[in-house]
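Data block below; observations after.
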Amino acid sequence: ELAAVLAGKKAVAVMDKSEAFSDNGGPVFADACAACYSLPNRPMMVNIVYGLGGRDVRVEDMARVYDRLFHMASTGEPGARYTHMGQREVQ
């Protein structure tokens, strides 16, 4: 069902609220990629991990996700495949 919904889409951001024991993304991202594997024209997919440690997700954060998707769809360049949103920067 997921593959049927994502078929024909240009860009997809999979939002995970937890980490997985790999450097390939979170658990929902892994399942979404696996579901789309056999699609002839898979969408570009990126994984964004958010809300770790109870961090809030702001409207501005979600606007940046959509801006990234529009950029991906228009340029064909996904950028980083696995990113975090809303974490503190290391100083």
If you take all heavy atoms of [X] and [Y], which pair is closest and at what distance?
X	Y	result
Ala35	Leu2	CB-CD2, 4.1 Å
Ala13	Leu69	N-CD2, 3.5 Å
Ala73	Ala11	N-CB, 4.3 Å

Can you name the residues that form a salt bridge (charged side-chain N to carboxylate O under 4.0 Å, His left out) with Arg64, not counting sequence neighbours?
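Partners of Arg64 under the salt bridge (charged side-chain N to carboxylate O under 4.0 Å, His left out) test: Asp61.
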Applying salt bridge (charged side-chain N to carboxylate O under 4.0 Å, His left out), which residue pairs with at least one partner in residues 27-56 are found, sequence neighbours left out?
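Residue pairs passing salt bridge (charged side-chain N to carboxylate O under 4.0 Å, His left out), neighbours aside: none found.
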Side chain to side chain donor-acceptor pair (under 3.5 Å) partners of residues 44-54, not counting sequence neighbours, each pair once:
Asp16-Asn47
Considering residues at least two apart in sequence or located in another chain, which fulfil the side-chain hydrogen bond (donor to acceptor under 3.5 Å, both in side chains) criterion with Thr83?
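So Thr83 forms a side-chain hydrogen bond (donor to acceptor under 3.5 Å, both in side chains) with Arg68.
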Taking Met85 as the fixed residue, which of Val49, Leu52, Val57 is the one that meets the side-chain contact (heavy atoms from CB on, under 4.5 Å) rule?
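So the option named by the test is Val57.
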Going by side chain to side chain contact (heavy atoms under 4.5 Å, CB included), name the residues that satisfy it together with Pro43, two or more places apart in sequence or in a different chain.
Leu6, Lys9, Val12, Leu39, Met45
Can you run down the ring pair (Phe, Tyr, Trp, His ring centres under 6.0 Å) pairs that involve residues 54-87, sequence neighbours left out, and say none if there aren't any?
Tyr82-His84
For the residue pair Cys33 and Arg81, establish whether any side-chain heavy-atom pair is separated by less than 4.5 Å.
yes
Check whether more than 12 heavy atoms from other residues, nucleotides or ligands sit under 6.0 Å from atom CG of Asp67, and answer yes or no.
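More than 12 within 6.0 Å, yes.
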If you measure from NZ on Lys10 to CE on Met72, what distance do you get to the nearest 0.5 Å?
12.0 Å
Path from Ile48 to Met62 over hydrophobic side-chain contacts below 4.5 Å
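Yes, because Ile48 and Met62 connect within a single hydrophobic cluster, where side-chain heavy atoms sit under 4.5 Å apart.
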